[in-house]
Protein chains: 2
Amino acid sequence: MKSQAAPECQRCAFREFSLFKNCQHEELEGMNENKCFHTYKKGQVIFHEGNRPFGLFCVFDGKVKISRLNSDGKEHIIRLAKPGDTLGYRSLIENAKYTASAVALDDTQACFLPASDFNNLIDSNVKVANDLMKMLAKALGDSQERMIHLAMKPVRERLAEALLLLRSTYQQKDESAPFSISISREDLAAIVGTAKETVIRFLSEFKEDGIVTSHGSTITIVKPDRLLKISQLYD
Amino acid sequence: MKSQAAPECQRCAFREFSLFKNCQHEELEGMNENKCFHTYKKGQVIFHEGNRPFGLFCVFDGKVKISRLNSDGKEHIIRLAKPGDTLGYRSLIENAKYTASAVALDDTQACFLPASDFNNLIDSNVKVANDLMKMLAKALGDSQERMIHLAMKPVRERLAEALLLLRSTYQQKDESAPFSISISREDLAAIVGTAKETVIRFLSEFKEDGIVTSHGSTITIVKPDRLLKISQLYD
DNA sequence: TTCAAAAAATGATATAAATCACTTTATACA
DNA sequence: TGTATAAAGTGATTTATATCATTTTTTGAA
């Protein structure tokens, strides 16, 4: 991975889509001073379940999974993060240890903002505090939605949904080409909440139906509308 | 149900455990003026999935389930509310329709605070806004925890967990007597995320082991420590 | 380009839980 | 207090998905 100069918060392309969209210029300058730029190779741990959070991570490049392991070593992916997304804010607000780990799914770059700066920011800037509140509310809604689907939808529909989630999360803007992503069957199973063999079988079915194609671990979504229909069979 | 005078916010016994614990006296007086006291019979709907929220509900007495139905009519209970708990805050913050319904599990009384009062309150009182943020963070953590367990734990363990959740939510303070609750097997199944017959079977097992007893729909938890162990088999 | 290791794919089998059909027991109301 | 209705409980069967075993394909390094 080639080394790269740390980006400036003030000019960060993702700022306007991030928690920091309503920061003032001086606040951004302060953040930029105190932040710390990190790079992670694919598979590397960004933070670990059970550890204390010392600040907030903001993804600059790459893909991140936030997941939990049970004692059998089985993993469940709680959410996915993309550039501009923040990691660890819930633990910071609750002032509690991480309940999940963050792992890079690709080579990833992220900025780290110390907890004190984060706390000062939300104490001093009401807009940011409000945005954070809305972020929490949205995350809560998303989480409840996934909980419901886990309880009520069969694997086939949840897989269709997971593929659409990957698409909506990681698809480049204004790209008309079909969406492709390289993801292991094991990670996909950990999103869906099933076994990897089961994912493979339903994926094969989708391939037979011409809904997706795949080469190795790369999956291409050919007919997203069909996936949408499948995911909504029992809504 | 005998009619009862609306309680005053200023003197509400649940205030110090509620979102309003850091309200100033004048704020409480204002709330008390504008709030509206409602009573609901067991089974009655407090608000309905898909409707627009016009304010915040604060439970004064009784038990409430917040749940969603799918198109098959299958229900899943997202959370339980007790006196002092607020309902509908997520939808208000997101300024979106309810994504779940609230239904009284017992005869219930609740106060309704208009949305404008709620919004004014969190805009003007930083402490309350902060408490609300923490409430959201906690709810998000709880939701993710349940999501993980739904994905990873078998029904027996989730049932043990559900029984302990009922206990920790509805047990009276400083009560040394074993905890009892009247709840239909169907509602219990909707918390656990399984079929009612499956709940009944595992309950029978728990009864044979002397962990719980039951008469009709009333379940008594005799050995909560055993339930805790069962719920943690795979943690 | 070859080769070893990892990951995807496929098949056979086991298992947890859902569903269906029915009986027994509680509840509430006339 | 008896009786209708609803809910709890039980048994038999089906089904979705997990698990285990194995083969095939992909990947990445020598």
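Naming convention: chains lettered A, B, ... in sequence-line order (proteins, then strands); numbering from 1 in each chain. Computed from a predicted model, the values in this text were never measured in an experiment.
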If a protein heavy atom is under 4.0 Å from the base, mark B; if only from the sugar-phosphate, S; if neither, -; do that for nucleotides 21-30 of chain C going 5' to 3'. -----SS---

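Put simply, NZ on B:K153 is 17 Å from P on C:dA16, counting in whole angstrom units. Taking atom CZ of residue A:R156 and atom C1' of nucleotide D:dT15, one finds them 16 Å apart after rounding to whole Å. When rounded to the nearest whole Å, the span between CG of A:L233 and C1' of D:dA16 equals 15 Å. To the nearest angstrom, C1' of D:dT19 lies 13 Å from CG of A:D72. The distance from atom CD of A:E205 to atom P of C:dT10 is 12 Å, rounded to the nearest whole Å. Spacing between atom CD1 of B:I183 and atom C1' of D:dA7 amounts to 14 Å, rounded to whole angstrom units. Distance A:I200 CD1 to D:dT23 C1': 13 Å, rounded to the nearest Å. Spacing between atom CG of B:L203 and atom P of D:dG9 amounts to 7 Å, rounded to whole angstrom units.
For D:dG9, the OP1/OP2 oxygens have a side-chain nitrogen or oxygen of B:S214 closer than 4.0 Å. Not one side-chain nitrogen or oxygen of B:K196 sits closer than 4.0 Å to the OP1 or OP2 atom of C:dA18. Contact annotation: A:R201 side-chain N/O to D:dT17 OP1/OP2 distance is not under 4.0 Å.
Mapping A:R158 and B:S184 onto DNA chain D by nearest heavy atom places B:S184 at the nucleotide closer to the 5' end.
Looking at the side chain of B:T194, the nearest of the listed nucleotides D:dG9, C:dA17, C:dA9 is C:dA17. Of the candidates D:dT19, D:dT10, C:dA8, C:dA8 carries the atom nearest the A:R185 side chain, counting heavy atoms from C-beta on. Checking C:dA17, D:dA18, D:dG9 against every side-chain atom of A:T198, the shortest atom distance belongs to D:dA18. If you check C:dA17, D:dT17, D:dT10 against the side chain of B:F202, the one that comes closest is C:dA17. Listed nucleotides: D:dT10, C:dA8, C:dA18. Nearest to the side chain of B:A195: C:dA18.
Checked by atom type, the side-chain pair A:H38/A:Q109 shows no donor-acceptor distance below 3.5 Å. Side chain to side chain, B:T99 and B:R90 meet the donor-acceptor criterion of an N or O pair below 3.5 Å.
Among the heavy atoms of the strands, none lies under 4.0 Å from A:K74.
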Given salt bridge (charged side-chain N to carboxylate O under 4.0 Å, His left out), test B:E8 with B:R11 step by step and report yes or no. CA-CA 5 Å; B:E8 284 197 319; B:R11 302 171 192 200; 3.1 Å; yes

So B:I200 and B:L188, side-chain contact (heavy atoms from CB on, under 4.5 Å) or not? Walk me through it. CA-CA 9 Å; B:I200 288 168; B:L188 198 44; over 6 Å; no

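Note on B:D142 versus B:K138: salt bridge recorded, some NZ/NE/NH1/NH2 to OD/OE distance being below 4.0 Å. Between B:R146 and B:E161, none of the side-chain N atoms (NZ, or NE/NH1/NH2) sits under 4.0 Å from a carboxylate O, so this pair counts as no salt bridge.
Of the residues B:L166, B:D85, B:I66, B:V64, the one that meets the side-chain contact (heavy atoms from CB on, under 4.5 Å) test with B:L80 is B:L166.
Between the side chain of B:Q44 and the backbone N or O of B:K41 there is at least one donor-acceptor pair closer than 3.5 Å.
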